[in-house]
Amino acid sequence: MRTSQYLIATLKETPADASVISHQLMLRAGMIRKLASGLYSWLPLGLRVLRKVEAIVRAEMNKSGAQEVLMPVVQPAELWQESGRWEEFGSELTRFQDRHNNAFCLGPTHEEVITDLIRSEINSYKQLPANFYQIQTKFRDEVRPRFGVMRAREFIMKDAYSFHGSHACLLKTYEVMHQTYCSIFQRIGLNFRPVLADTGSIGGTGSHEFHVLADSGEDDIVFSNASDYAANIEMAEALAPSVVQEEKRAGRTVATPATKTIEEVCNYLNVPAHQTIKTLIVLGTVDENGKQPLIALVLRGDHQLNEVKASKLTQLASPLAFASDQRISSELGLPVGYIGPFNLTIPIIADRAAAAAVNFVCGANIVDHHLQDANWHDASLFAQIADIRNVVKGDPSPCGQGQLDIKRGIEVGHIFQLGTKYSEAMKARVLDEQGKEQAMVMGCYGIGVSRVVAAAIEQNHDDKGIIWPSAIAPFHLALIPINLHKSPAVAETCEKLYQAFSTAGIEVLFMDEAKARLGGMLADAELIGIPHRVVVGDRGLEQGMVEYKGRADSESSNIAVDEIVSMVKNFMN
RNA sequence: CGGAGCGUAGCGCAGUCUGGUAGCGCACUACACUGGGGGUGUAGGGGUCGUGGGUUCAAAUCCCGCCGUUCCGACCA
């Protein structure tokens with residue numbers, strides 16, 4: 001490709017509304033442009049990268065035995081009503097009506113459509129298992145689109161759906177997809193980890209997420225330092241601590257004026273946060289009177305409530321909701337900040353660690369007062385003791401080996417064992433060996449293709465710009481002439497090299513604009529992140545040399561003109 | 001949805017407090033010089049100051065409404 005015939009839309013300055021590095025660099029390198037919040041156009045350069053990611057995903061999916069299909073973005077409401085998600089999904093699902101007033105939605109995912117398709121096409125156990133995938137545009141009206149294509153409203157996803165006669169068969173395909181995902185992210189060249197995950201709103205039984213490790217990630221990923229255990233913090237179990245061997249002191253009420261937060265109380269009383277107990281008031285499930293009762297959650301002051309774990313408790317509303325300050329003060333007669341677990345009139349659910357605490361500080365249920373050296377006398381105080389906190393660095397690993405560490409991750413893939421949730425609801429059945437009708441067992445497998453592009457940049461950049469992994473670079477090599485318009489020797493050599501590289505299967509961006517200056521071309525090549533660059537100038541040519549530099553190299557080197565093609569080709573293998 | 005900020009040329013910003021002819025840098029056009037890391041000069045083009053209303057002799061500037069957008073928190077590829 002020649003830059004004289006190609007849109008290189010690089011920006012010298014960083015657009016003000018981009019905060020994360022991948023978003024900034026994608027705008028600056030001229031890969032994407034924003035149309036509206038969470039909606040992006042892909043420019044030629046960005047699209048080349050996107051297509052390369054797609055190609056790797058497609059190749060590995062095909063290799064796994066999955067079959068490619070393409071389903072519509074626009075989906076009829078009836079299917080979603082049939083699965084129950086028309087009500088369940090909330091306002092992230094964009095709904096609209098056509099000219100006949102029929103209801104439709106923009107597909108945020110395709111379980112309904114694929115299940116509808118397959119229930120009429122597959123009728124026998126003999127046709128199973130089968131796995132279908134597509135690479136297609138999804139629309140989710142995100143609460144808060146951000147970070148460019150990392151969390152866009154419209155995005156490209158690879159979604160696959162497998163169908164089986166038994167759960168055992170599903171597990172086999174699940175394992176194949178797990179392997180396939182590892183191959184995909186390896187080929188792309190990412191530093192990633194598969195981790196145990198929550199199933200979220202998609203539903204189902206078992207699940208793994210694939211995370212690209214990067215500080216800008218939105219998820220906390222938990223690792224054992226002694227085994228390959230890895231889990232999303234939503235899932236990682238916090239074990240009960242060993243019992244503290246400490247003499248229980250007599251509790252007393254102390255005045256703690258204007259100390260509402262744990263931090264304020266700790267400073268005021270000079271106690272560490274792990275010696276405190278906090279009491280959170282949340283809403284329970286709707287009772288027979290149609291009301292949501294208040295329920296108290298008790299955690300150690302230094303621990304964070306894990307809302308995913310909590311909302312799985314049957315007594316609690318799902319998703320978890322905190323009680324309003326008004327309800328707390330009217331029903332408990334107290335402002336937030338001084339509530340404690342003793343003499344509360346509402347049910348209490350205690351975290352395992354909180355239930356094991358001794359000689360702790362907690363709210364006294366009196367304004368401006370806390371209890372100090374408080375102790376649990378009787379476990380019957382609690383309606384339940386459960387794991388409802390986030391693990392913290394240094395916790396023992398739930399796998400039994402080692403301690404936990406926490407890193408940030410960007411979720412680029414997610415695989416689920418769906419089971420029969422959709423096939424039951426939508427009557428997707430086959431006849432088994434006995435001629436009996438049976439709901440198909442399903443799995444589903446997603447990759448955020450456009451997000452992978454951003455994640456790759458988060459992991460591979462420097463102060464000059466992007467450093468593409470070779471497999472997804474928009475071009476392999478930048479061919480940069482010096483004084484192209486003046487030097488016949490430079491022009492001739494560049495043309496010859498351009499042909500030779502192309503013939504060797506190397507994708508060249510030939511910066512052939514007559515008046516372009518060297519500094520600008522070098523800066524662009526670095527910003528765009530092209531892995532290899534060759535500079536051709538008269539001075540080198542007098543010795544029969546051109547200048548080579550890899551994007552991540554610190555120094556360039558002189559290479560003979562007739563060796564450069566085979567050298568770069570070797571680098572790429 | 002709650003909290004905060006921003007909206008002036010394609011991009012980055014100043015001007016707003018204290019009302020008085022709309023500016024700067026980059027980019028763009030033309031010409032000349034320059035030519036191994038975003039060069040220099042000369043001459044240019046480009047603006048409903050987000051939008052609607054109000055106050056005023058006069059509004060980018062003050063007041064009210066609306067819209068857009070970004071960031072921080074609860075959702076997800």
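Below, each value reflects all heavy atoms present in this structure, side chains not excepted, and no hydrogens, waters or symmetry copies. Just so it is clear: chains get the letters A, B, ... in the order the sequence lines come, proteins before strands, and each one is counted from 1.
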Measure from the side-chain N and O atoms of A/K158 to the backbone N and O of A/G413, and report whether any donor-acceptor pair falls under 3.5 Å. no
Watson-Crick or G-U counterpart of B/rG38, or none if no pair lies under 3.5 Å: none
Any donor-acceptor pair under 3.5 Å linking the side-chain atoms of A/E495 with those of A/T493? no
Classify the angle between the aromatic ring planes of A/F185 and A/Y181 as parallel (below 30°), tilted (30 to 60°) or perpendicular (above 60°). perpendicular
How long is the line joining CD of A/E209 and P of B/rC76, in whole Å? 10 Å
Under 4.0 Å between any heavy atoms, over every strand shown, what does A/H485 touch: base, sugar-phosphate, or nothing? Just pick one. base
Look at the aromatic rings of A/Y6 and A/F475 and report parallel, tilted or perpendicular, splitting at 30° and 60°. perpendicular
B/rA77 P sits how many Å from A/E411 CD, rounded? 5 Å
For A/A455, report the nucleic acid contact type (base, sugar-phosphate, nothing); a contact means any heavy atom under 4.0 Å. nothing
Aromatic contact, A/F510 with A/Y498 (centres under 6.0 Å): yes
Provide, to the nearest angstrom, the distance between the CD1 atom belonging to A/I480 and the P atom belonging to B/rG38. 14 Å
Given the P atoms of B/rU29 and B/rC67, what is the spacing between them in whole Å? 40 Å
Here the distance between atom P of B/rC11 and atom CG of A/L43, to the nearest Å, is 14 Å
Residues A/K138, A/D159; criterion salt bridge (charged side-chain N to carboxylate O under 4.0 Å, His left out); working and verdict: CA-CA 10 Å; A/K138 297 282 181 281; A/D159 47 328; 3.2 Å; yes
Spacing of A/L27 atom CG relative to B/rG10 atom P, expressed in whole Å: 17 Å
Give one of base, sugar-phosphate or nothing for A/N483, where a contact means two heavy atoms less than 4.0 Å apart. base
Under 3.5 Å for both donor-acceptor distances, Watson-Crick or wobble: does B/rC66 have a partner, and if so which one? B/rG50
Can you confirm whether or not the ring centre of A/F210 sits under 6.0 Å from the ring centre of A/Y445? no
Can you tell me if A/S37 touches the phosphate of B/rG68, counting only side-chain N or O atoms and a distance under 4.0 Å to OP1 or OP2? no
Using a cut-off of 4.0 Å on non-hydrogen atoms, how would the nucleic acid contact of A/I482 be classed: base, sugar-phosphate, or nothing? base
Applying a 4.0 Å non-hydrogen cut-off, can you work out what A/V143 is touching in the nucleic acid: base, sugar-phosphate, or nothing? base
A/N232 versus A/E209, side-chain donor and acceptor atoms under 3.5 Å: yes
For B/rU29, what is the paired nucleotide under Watson-Crick or G-U wobble rules, both distances under 3.5 Å? B/rA43
Establish whether the base of B/rG12 is bridged to the side chain of A/K12 by a donor-acceptor pair shorter than 3.5 Å. no
Tell which nucleotide pairs with B/rG2, taking only Watson-Crick or G-U wobble pairs whose two distances are both under 3.5 angstrom. B/rC72
Phosphate OP1/OP2 of B/rC76 contacted by A/R140 side-chain N/O (<4.0 Å): no
Tell me whether the side-chain N/O atoms of A/R144 come closer than 4.0 Å to OP1 or OP2 in B/rC72. yes
Nearest to side-chain heavy atoms of A/S19, which nucleotide of B/rC71, B/rU70, B/rC75: B/rC71
Under a 3.5 Å limit on both distances, the Watson-Crick or wobble mate of B/rA77 is none
Pair of N/O donor and acceptor under 3.5 Å linking B/rC76 base with A/R151 side chain: yes
Categorize A/G90 for me: base, sugar-phosphate, or nothing, with a 4.0 angstrom heavy-atom threshold over every strand shown. nothing
With heavy atoms under 4.0 Å as the rule, sort A/E547 into base, sugar-phosphate or nothing. base
From B/rG38, B/rA77, B/rU69, pick the nucleotide closest to the side chain of A/D524? B/rG38
Check if the side chain of A/E526 and the base of B/rG38 share a donor-acceptor pair of N or O atoms closer than 3.5 Å. no
On RNA chain B, check which nucleotide each of A/F210 and A/K486 is closest to and give me the residue with the more 5' one. A/K486
May I ask which nucleotide in the shown strands pairs with B/rA14, Watson-Crick or G-U wobble, both distances under 3.5 Å? none
Can you tell me how far P of B/rC76 sits from CG of A/D159, to the nearest Å? 17 Å
So what does A/D219 touch, heavy atoms closer than 4.0 Å: a base, only the sugar-phosphate, or nothing? base
Spacing of the P atoms in B/rC13 and B/rA4 (rounded, Å): 22 Å
Mind checking who B/rG19 pairs with, Watson-Crick or G-U wobble, both distances under 3.5 Å? none
Look at all strands and tell whether A/G537 reaches a base, only sugar-phosphate, or nothing, counting heavy atoms closer than 4.0 Å. base
For the pair made of CZ in A/F147 and C1' in B/rC76, what is the distance, rounded to whole Å? 13 Å
Would you indicate what A/A523 reaches in the nucleic acid, counting non-hydrogen atoms under 4.0 angstrom: base, sugar-phosphate, or nothing? base
Between B/rG65 and B/rG2, how far apart are the two P atoms, rounded to whole Å? 16 Å
Quick one about A/H532 and A/Y548 (side-chain donor to acceptor, distance below 3.5 Å, no hydrogens or angles considered), yes or no? yes
Taking the C1' atom in each of B/rA30 and B/rU55, what is the distance between them to the nearest angstrom? 47 Å
Residue whose closest nucleotide on RNA chain B lies nearer the 5' end, A/R533 versus A/R451: A/R533
Between B/rU61 and B/rC6, how far apart are the P atoms? Round to whole Å, please. 15 Å
Considering only atom C1', compute the distance from B/rG5 to B/rU21 and round it to an integer number of Å. 32 Å
What distance, rounded to whole Å, do you find between the two C1' atoms, one in B/rG20 and one in B/rA60? 13 Å
Distance criterion of 3.5 Å, no angle test: do you see the side chain of A/R517 paired donor-to-acceptor with the base of B/rG39? yes
Using the C1' atom in both, what is the distance from B/rG46 to B/rU51, to the nearest Å? 22 Å
Using Watson-Crick geometry (N1-N3 plus N6-O4 or O6-N4) or G-U wobble (N1-O2, O6-N3), each under 3.5 Å, B/rU61 is paired with none
Atom pair distance, as rounded to whole Å: NE2 in A/H211 and C1' in B/rA77: 10 Å
